[in-house]
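Each chain gets a letter, A, B and so on, in the order the sequences are listed, and its residues count up from 1.
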Amino acid sequence: MSDATSPVENEYDVFGIQDKWLPVWDDLRPFASGNPTDKRPKKYVLDMFPYPSGDLHMGHAEAYALGDVVARYWVQKGFNVLHPIGWDAFGLPAENAAIKRNLDPRGWTYENIEQQRSSMRRYACSFDWDRVIRTCDPIYYRWNQWLFLEFYNKGLAYRKNSMVNWCPSCQTVLANEQVVGGLCERCDSAVTKKALTQWFFKVTEYADRLLDDLDTLEGNWPAKVLTMQRNWIGRSYGAEVQFEVEGRSEPVTVYTTRPDTLFGATFMVVAPDSELATELVAGAEAGIQAEFANYLDIVKASNDIERLSTEREKTGIFLGRYAVNPVNGERLPVWTADYVLSDYGTGAIMAVPAHDQRDLDFARTMNLPVRVVLETEAGDPAVTGEAATGEGVLVNSGPLNGLHKADAIAKITEILNQDGKGKAAKNFRLRDWLISRQRYWGTPIPIIHCDKCGEVPVAQDQLPVELPSAEGLDLQPKGTSPLGAASDWVNVACPNCGGAALRDTDTMDTFVDSSWYFLRYLSPTSTEFAFDPQAAKDWAPVDQYVGGVTHAILHLLYARFFTKVLKDLGHVDFNEPFTRLLNQGMVLMNGSAMSKSRGNLVRLSDQLDEHGVDAIRLTMAFAGPPEDDIDWADVSPAGSAKFLARAWRVANDVTSAKDVDFASGNKDVRKAVHLFLREFSANIENFKFNVGVAKIMELVNVLRKAIDSGCGPADVAVREGAQELAKALSLFAPYTAEDMWSKLGFGPGVALAEFAKADESLLVENSIVAIVQVDGKLRDKFEVAIEISADDLQALALASEAVQKAIGEKTIANVIVRQPKLVSIATK
RNA sequence: GCCGAAGUGGCGAAAUGGCAGACGCGGAGCACUCAAAAUGCUUUGCCGAGAGGCGUGUGGGUUCGACUCCCACCUUCGGCACCA
């Protein structure tokens, strides 16, 4: 044992304190939240759970550093904070890695989880380790299956055949949300379309609520995320209009947002891959049928990348059929073209080339007529090639003539309604969520297919439907689920009739797992509930969610959808899962995302070995606003380490005894400490972590100066400051803070030490520096009493030599006095 | 193309409409040292010897006063992208 004067005890030893405190915390368990007698108010702080693909990286380090600031802050504000962690453990990367290395995805996944868990412990994350969940555990995914059946029984899970997104490389279908710019989110292959029977969740039934409830999150979620969600849901208002088609008994319904332009329709277009197109062309002459078949082949083969290429020529063919405009009886040729989508609206449109750019482009390509029905300031669309989409007055439109756009929409909708030819309607860009996947490493869908009985849900008491062992299964992607080959597993007796039946062999999209995991943390081991309803009442919804903006649409939309369904099913009593959301930025290196192929990868473990955990965490928080990206090339972990040593020395230099009354301490130092307390809280609560750290640095500078050249290390105000410093630093640098706390004479657990309240009586100012501006420019400043009168302040300002000089020959036009802070003089 | 956000020193950044550049990185200088490292202190927007002037993407506007509010433009980034 070294004594108190040995150099080792008086030096800041970054790695020594890590080794010293880690085992102490393991025993102390400061962040356990499960004590039922805990009377502190509750707060639920949640970090997005990681995918276990290897060890933690710099991005995790930023996310968990910032999430920890929030979680630790509320603990030290006296709250019982629930801050859990788990693993989003199912999914393609594990499966692909398993195939590549010829391993079971299980082993790979659990090894990575252990690796990450150990790194999180070292990183001093303030997680409650009693509540860990892993979505690939049967005890977890059993409840995915339960939820699926809840949805199924409500009619919210259904199976249908449709054209779906297909990734030819992953050999699986993808949800709309997983197609990014026409590419597979996971592997960047060009996504194509394929007709398949797949499971969907009926998100569209909740489209209105998902959109409207975003208003309740205003101010608490980043505006950017709210906008992205609104755009994604994409609600539009318009009308459905019925067109008779010659030779067809049923009219064809089209959707339009511009029913006011109905008199300007000059043709109709149906989506080539729609049933309607196939049906209509069947009644056409043979030549057209052949042409159509050819066109449809071309359309099906094209992927989204080709479709997205800009300035693409419009293509399409005439179907040889005619529709009738319901308002004027005109015959409109019916075309098919791939610019009309089969899965939006009704898959058929009325084309008004004068007032819709796409219709105009098509009309000009195919030499179809263009008729203006809305007079605007723009030129003739047929000549300029620019559709007139602005405001104007209706012409050539019978009863609508002379009306403005909005009035015309109302009027025509009314007319159509009366005549039974149409009605007001709305549409969404949002599509139903395709949740089945043709891969192994996911939650089996708890449905049994029986030739006699059809889809039969697995009984509740038969859950979970456990994923069979991967042993002996060929996981190579081949377009159908590998589970189909597990014959012992697939072949079952129908629960209904007892006859031979087959299990559904698809697995669920892993976004199902993450859509409700925040509830599972509340009772992570329950075999009775997905989540304990009482615990949900106590803790949910999440007060503060922290995670990357990459999940701005998919995960957050799905989790919001689940929450609304669970509310309707009576399982929760709130509408929105995440009350407040913080999106942290990314960690870059030299301006771009880190990657092995770019050669700019910075390894977290290397950084931790070089600078220590605390310096890395502090650097993450201090680099800038949390929403902004951090370029690791621009920041200085060495500078952070230097600062931590400086802070540590302050605590080490304190010589006064603990448990003293601070009232006798140096007034100036005390004032600085209490001003710090006030500002620091505000900064943290407003996510200005970088400014909060700057305030800590200022406090250290004040204390350093007080010790070296002020009141000295024995003054109790220095102790007061050092104690609050250790507490505040604990949010960013838990090891250093714990060691400082120990130097100050306390037992382990600075993370549980509550902040002192700012003593406002110490912050009362009796003088202030007043400033004087002449024509908006600062010309003088001087100290004045806080209660100075406006007249006195003005007199002082005008008497100032510098002010006189600035005014010079000019005459004073106006003097504004804001006592005691400011005098503003305007001249002319 | 449409929607949105952002432009402040050499760099990361701060600033309820009221002292622009807090805090830090980097730089310069000094002290301690035989020396170096570490540490501490001073200094550091630009131009100018100085007085002083100029400065928050550009141009206007509102205001006694604008990084902050309004309009237009430029640039960068993000989202959506044939959604009728």
A.B. asks: Holding to side-chain contact (heavy atoms from CB on, under 4.5 Å), I want the full list of residues that pass it with A/K314, two or more places apart in sequence or in another chain.
C.D. replies: A/Y339, A/R358, A/D361, A/F362, A/T365

A.B. asks: Let me have the donor-acceptor pairs involving side chains of residues 635-644 of chain A, under 3.5 Å, with sequence neighbours excluded, atom names and distances please.
C.D. replies:
unit_1, atom_1, unit_2, atom_2, d
A/S636, OG, A/G639, N, 2.8
A/S640, OG, A/T619, OG1, 2.7
A/S640, OG, A/S636, O, 3.4

A.B. asks: Please determine which of A/L557, A/T227, A/L211, A/L554 meets the side chain to side chain contact (heavy atoms under 4.5 Å, CB included) test together with A/W232.
C.D. replies: A/L557

A.B. asks: What is the separation between atom CZ on A/F782 and atom P on B/C19, rounded to the nearest whole Å?
C.D. replies: 15 Å

A.B. asks: In whole Å, measure the gap between the P atoms of B/U16 and B/A6 for me.
C.D. replies: 15 Å

A.B. asks: Mind checking ring pair (Phe, Tyr, Trp, His ring centres under 6.0 Å) for A/H555 and listing every partner two or more places apart, or none if nothing turns up?
C.D. replies: A/Y545, A/H551

A.B. asks: Does a side-chain N or O of A/Y344 approach OP1 or OP2 of B/A84 to a distance below 4.0 Å, or not?
C.D. replies: yes

A.B. asks: Of all the choices, B/C19, B/G53, B/A22, which nucleotide is nearest to the side chain of A/L778 once you look at every atom?
C.D. replies: B/C19

A.B. asks: Enumerate the salt bridge (charged side-chain N to carboxylate O under 4.0 Å, His left out) contacts for residues 614-635 of chain A, please, sequence neighbours excluded, ordered by first and then second residue.
C.D. replies: A/D68-A/R617

A.B. asks: Rounded to whole angstroms, how far apart are CH2 on A/W232 and C1' on B/G78?
C.D. replies: 15 Å

A.B. asks: Rounded to the nearest angstrom, tell me the gap between atom CD1 in A/I684 and atom C1' in B/C23.
C.D. replies: 14 Å

A.B. asks: Checking A/Q229 against A/W221: is there a side-chain donor and acceptor pair closer than 3.5 Å?
C.D. replies: no

A.B. asks: Going by purine N1 to pyrimidine N3 plus the second Watson-Crick contact, or the G-U wobble pair, all under 3.5 Å, which nucleotide sits opposite B/G40?
C.D. replies: B/C30

A.B. asks: Is there a donor and acceptor pair closer than 3.5 Å between the side chain of A/K314 and the base of B/C82?
C.D. replies: yes

A.B. asks: Could you pull out all residues at least two apart from A/K405 that satisfy salt bridge (Lys or Arg N to Asp or Glu O under 4.0 Å)?
C.D. replies: A/E391

A.B. asks: How many Å lie between CG on A/N690 and P on B/C11, as a whole number?
C.D. replies: 18 Å

A.B. asks: Taking only residues at least two apart or on different chains, which pairs with a member in residues 339-351 of chain A satisfy salt bridge (charged side-chain N to carboxylate O under 4.0 Å, His left out)?
C.D. replies: A/D343-A/R431

A.B. asks: State which residues pass ring pair (Phe, Tyr, Trp, His ring centres under 6.0 Å) with A/Y295; sequence neighbours excluded, sorted by chain then number.
C.D. replies: none

A.B. asks: Looking at B/G12, B/A15, B/C82, which one has an atom nearest to any side-chain atom of A/K688?
C.D. replies: B/A15

A.B. asks: Which whole-number value in Å describes the distance from A/N231 CG to B/C2 C1'?
C.D. replies: 9 Å

A.B. asks: Heavy atoms within less than 4.0 Å of RNA chain B: which residues of residues 620-627 of chain A have one? Give them sorted by number.
C.D. replies: A/F622, A/A623, A/P625

A.B. asks: Out of B/C23, B/C3, B/G18, which has the shortest distance to the side chain of A/T227?
C.D. replies: B/C3

A.B. asks: Can you tell me, in whole Å, how much space there is between the P of B/C23 and that of B/G60?
C.D. replies: 35 Å

A.B. asks: In the structure shown, which nucleotide is the Watson-Crick or G-U wobble counterpart of B/G48, with both distances under 3.5 Å?
C.D. replies: none

A.B. asks: Between A/R230 and A/E218, is there a salt bridge with N-O shorter than 4.0 Å?
C.D. replies: yes

A.B. asks: Find out whether A/L434 and A/N165 are in side-chain contact, i.e. whether some heavy atom of one side chain is under 4.5 Å from a heavy atom of the other.
C.D. replies: no

A.B. asks: Hunt down the Watson-Crick or G-U wobble partner of B/A5, both distances under 3.5 Å, from any strand shown, or write none.
C.D. replies: B/U76

A.B. asks: With the side chain of A/K224 defined as its heavy atoms from C-beta on, choose the nearest nucleotide among B/A84, B/G78, B/C19.
C.D. replies: B/G78

A.B. asks: For atom C1', what is the distance between B/G21 and B/G55, given to the nearest Å?
C.D. replies: 11 Å

A.B. asks: Can B/G9 be described as syn, meaning its chi torsion is within 90° of 0, or is it anti?
C.D. replies: syn

A.B. asks: Who are the side-chain contact (heavy atoms from CB on, under 4.5 Å) partners of A/I816, not counting sequence neighbours?
C.D. replies: A/N814, A/R818, A/S824

A.B. asks: Counting side-chain heavy atoms from CB outward, which of B/A84, B/C11, B/C82 is closest to A/D338?
C.D. replies: B/C82

A.B. asks: Which residues satisfy the side-chain contact (heavy atoms from CB on, under 4.5 Å) test with A/A790, sequence neighbours excluded?
C.D. replies: A/V817, A/Q819

A.B. asks: Please determine, for the side chain of A/M697, which listed nucleotide (B/A84, B/G24, B/C80) has the closest atom?
C.D. replies: B/G24

A.B. asks: Applying the Watson-Crick and G-U wobble criteria at under 3.5 Å, what pairs with B/C69? Answer none if nothing qualifies.
C.D. replies: B/G61

A.B. asks: What string of B, S and - do you get for nucleotides 54-76 of chain B, 5' to 3', when a contact is any protein heavy atom under 4.0 Å?
C.D. replies: S---------BS-----------

A.B. asks: How would you label the contact of A/S709 with the nucleic acid (heavy atoms, under 4.0 Å): base, sugar-phosphate, or nothing?
C.D. replies: nothing

A.B. asks: Under 3.5 Å, which protein N or O atoms sit close to an N or O of nucleotides 40-47 of chain B? Give each pair with its distance.
C.D. replies:
unit_1, atom_1, unit_2, atom_2, d
B/G40, OP1, A/R646, NH1, 2.7
B/G40, OP1, A/R649, NH2, 3.3

